[in-house]
Trainee: 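For reference, the structure I am asking about is given below.
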Amino acid sequence: FFTQLRRRAPGLHRMIGYVYVLSVAASAIASFGIVRTSFGGVSNTAAFILLAMLWIFTTGMALLRARQGRFAEHQVWMIRSYALTFAALTLRAQLGLLIFVADLELPQAYLIVPWTSWVLNLVAADWFLAGARPPRAHTAMSNASRSKSSSAAAEADDAPASEGRA
């Protein structure tokens with residue numbers, strides 16, 4: 001997202017990334033302890049445990065891809081990780097909508113949002129990624145394929161014209 005920062009200060013970008021990874025790890029691990037007190041029973045507990053596991057997984061994949069120098073994939077995994085990071089904000093926004101707009105009581109609304117807060121964020125992230133530019137290696141291959149097919153089409157268009165002139 002911050003192309004200028006990445007280009008001008010790659011060391012700062014890397015340091016911020018490591019702080020983010022450590023923060024996610026600490027928060028996800030802490031959530032395993034906190035989840036025992038969550039309201040809503042087994043379903044909500046499962047939602048929060050799965051969220052914590054996916055948060056660690058997506059962030060770990062982002063770190064791994066960066067360390068491998070696979071930066072396009074690193075960016076994809078970071079977008080997913082950020083989507084999960086924002087689950088807490090999404091949960092609160094959805095609670096407000098369900099309580100004040102849909103007129104649900106808190107216990108009813110809180111049975112829904114532990115799942116929708118992060119699942120919808122991941123769906124939105126992958127929807128965004130599907131519309132985003134493909135990774136650069138893929139783009140180069142696609143451009144090469146397009147160039148070949150454009151050249152072939154141009155040659156096909158030229159063939160009848162040159163036959164007509166002869």
Side-chain angles (χ1 to χ4, degrees), residues 1-139 142:
F1 289 134
F2 302 108
T3 305
Q4 294 292 333
L5 174 66
R6 220 173 31 241
R7 286 186 184 148
R8 290 183 183 171
L12 179 61
H13 175 83
R14 194 175 301 114
M15 184 182 71
I16 291 169
Y18 282 121
V19 168
Y20 177 80
V21 168
L22 291 173
S23 299
V24 167
S27 299
I29 290 167
S31 72
F32 287 118
I34 295 170
V35 76
R36 290 183 281 144
T37 63
S38 73
F39 174 80
V42 174
S43 176
N44 287 6
T45 299
F48 291 129
I49 287 174
L50 191 54
L51 167 60
M53 292 169 59
L54 288 171
W55 201 18
I56 290 171
F57 175 75
T58 57
T59 306
M61 287 299 294
L63 176 62
L64 177 65
R65 293 303 183 242
R67 304 231 356 136
Q68 293 171 334
R70 295 161 63 176
F71 297 111
E73 291 175 48
H74 161 73
Q75 188 176 21
V76 167
W77 284 107
M78 282 304 301
I79 289 169
R80 291 179 179 133
S81 177
Y82 289 146
L84 295 173
T85 299
F86 279 91
L89 299 173
T90 305
L91 181 140
R92 284 158 182 81
Q94 288 177 352
L95 271 179
L97 287 172
L98 290 173
I99 291 170
F100 296 112
V101 176
D103 203 29
L104 293 178
E105 297 293 321
L106 177 63
Q108 296 166 316
Y110 207 74
L111 291 174
I112 299 167
V113 296
W115 288 100
T116 59
S117 64
W118 62 267
V119 170
L120 293 178
N121 284 3
L122 272 183
V123 168
D126 276 314
W127 181 67
F128 169 80
L129 289 167
R133 289 180 288 139
R136 292 180 186 171
H138 184 345
T139 303
S142 296

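If you're wondering where the values come from, they're calculated on a predicted model, not measured in any experiment.
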Trainee: Evaluate the side chain to side chain contact (heavy atoms under 4.5 Å, CB included) criterion for residues L51 and W115: first the C-alpha distance (whole Å), next the side-chain angles of each, then the deciding distance (0.1 Å), finally the verdict.
Mentor: CA-CA 9 Å; L51 167 60; W115 288 100; over 6 Å; no
Trainee: Would the distance check show the side chain of R80 and the main-chain N or O of V76 forming a donor-acceptor pair, the cut-off being under 3.5 Å?
Mentor: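 Not a single qualifying donor-acceptor pair exists.
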Trainee: Ignoring hydrogens, what is the shortest heavy-atom contact between A109 and I99? Give both atom names and the distance.
Mentor: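 Heavy atoms of A109 and I99 come nearest at CB-CG1, 4.2 Å.
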Trainee: Let me see the working for W118 and T90 under side chain to side chain contact (heavy atoms under 4.5 Å, CB included), right down to the final yes or no.
Mentor: CA-CA 8 Å; W118 62 267; T90 305; over 6 Å; no
Trainee: Distance check, rounded to the nearest 0.5 Å: F48 atom CZ versus S117 atom OG?
Mentor: 6.0 Å
Trainee: If I compare all heavy atoms of P10 with all of R8, which pair ends up nearest, and what's the gap?
Mentor: CD-C, 3.6 Å
Trainee: Between atom CE of M61 and atom CG of L54, what is the distance when rounded to the nearest 0.5 Å?
Mentor: 12.5 Å
Trainee: How far does CG of N121 sit from CG of L89, to the nearest 0.5 angstrom?
Mentor: 9.0 Å
Trainee: For F32 versus A52, what's the shortest heavy-atom pair and its separation?
Mentor: CZ-CB, 3.9 Å
Trainee: Tell me whether the rings of H74 and H13 are parallel (<30°), tilted (30 to 60°) or perpendicular (>60°).
Mentor: perpendicular
Trainee: Could you tell me whether the side chain of T58 and the main chain of W55 form a donor-acceptor pair under 3.5 Å?
Mentor: yes
Trainee: Please round to the nearest 0.5 Å and tell me the distance separating atom CG of L95 and atom OG1 of T116.
Mentor: 8.5 Å
Trainee: May I ask you to check whether over 12 heavy atoms, not counting those of E105, lie within 6.0 Å of atom CD?
Mentor: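 No - once you tally the heavy atoms of other residues, nucleotides and ligands closer than 6.0 Å, there are 12 at most.
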Trainee: In Å, rounded to the nearest 0.5 Å, how long is the span from CD of Q94 to CG of L104?
Mentor: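 Going from CD on Q94 over to CG on L104, the span is 12.0 Å.
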Trainee: Looking at every non-hydrogen atom in both residues, tell me the closest pair between P114 and L111 and how far apart they are.
Mentor: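 What the structure gives for the nearest pair is CD-C, 4.1 Å.
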Trainee: Output, in order, the C-alpha distance, side-chain angles, deciding distance and verdict of side chain to side chain contact (heavy atoms under 4.5 Å, CB included) for Q75 and F71.
Mentor: CA-CA 6 Å; Q75 188 176 21; F71 297 111; over 6 Å; no
Trainee: Is a donor on one side and an acceptor on the other found under 3.5 Å between the side chain of S81 and the backbone of W77?
Mentor: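 Not confirmed, S81 side chain does not pair with W77 backbone.
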Trainee: When rounded to the nearest 0.5 angstrom, what is the spacing between OG1 in T45 and CG in L50?
Mentor: 12.5 Å
Trainee: Return the minimal non-hydrogen interatomic distance between F39 and P107, and the atom names on each side.
Mentor: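 Looking at all heavy atoms of both residues, the closest pair is CE2-CA, 3.8 Å.
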Trainee: Does a sphere of radius 6.0 Å around CZ in F86 hold more than 12 heavy atoms from other residues, nucleotides or ligands, not counting ones at 6.0 Å or beyond?
Mentor: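 Open: at most 12 neighbouring heavy atoms sit under 6.0 Å from CZ of F86.
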Trainee: Would you confirm whether T37, through its side chain, and I34, through its main-chain N or O, come within 3.5 Å as a donor-acceptor pair?
Mentor: yes
Trainee: Just wondering, do L63 and R67 contact through their side chains at under 4.5 Å, heavy atoms?
Mentor: yes
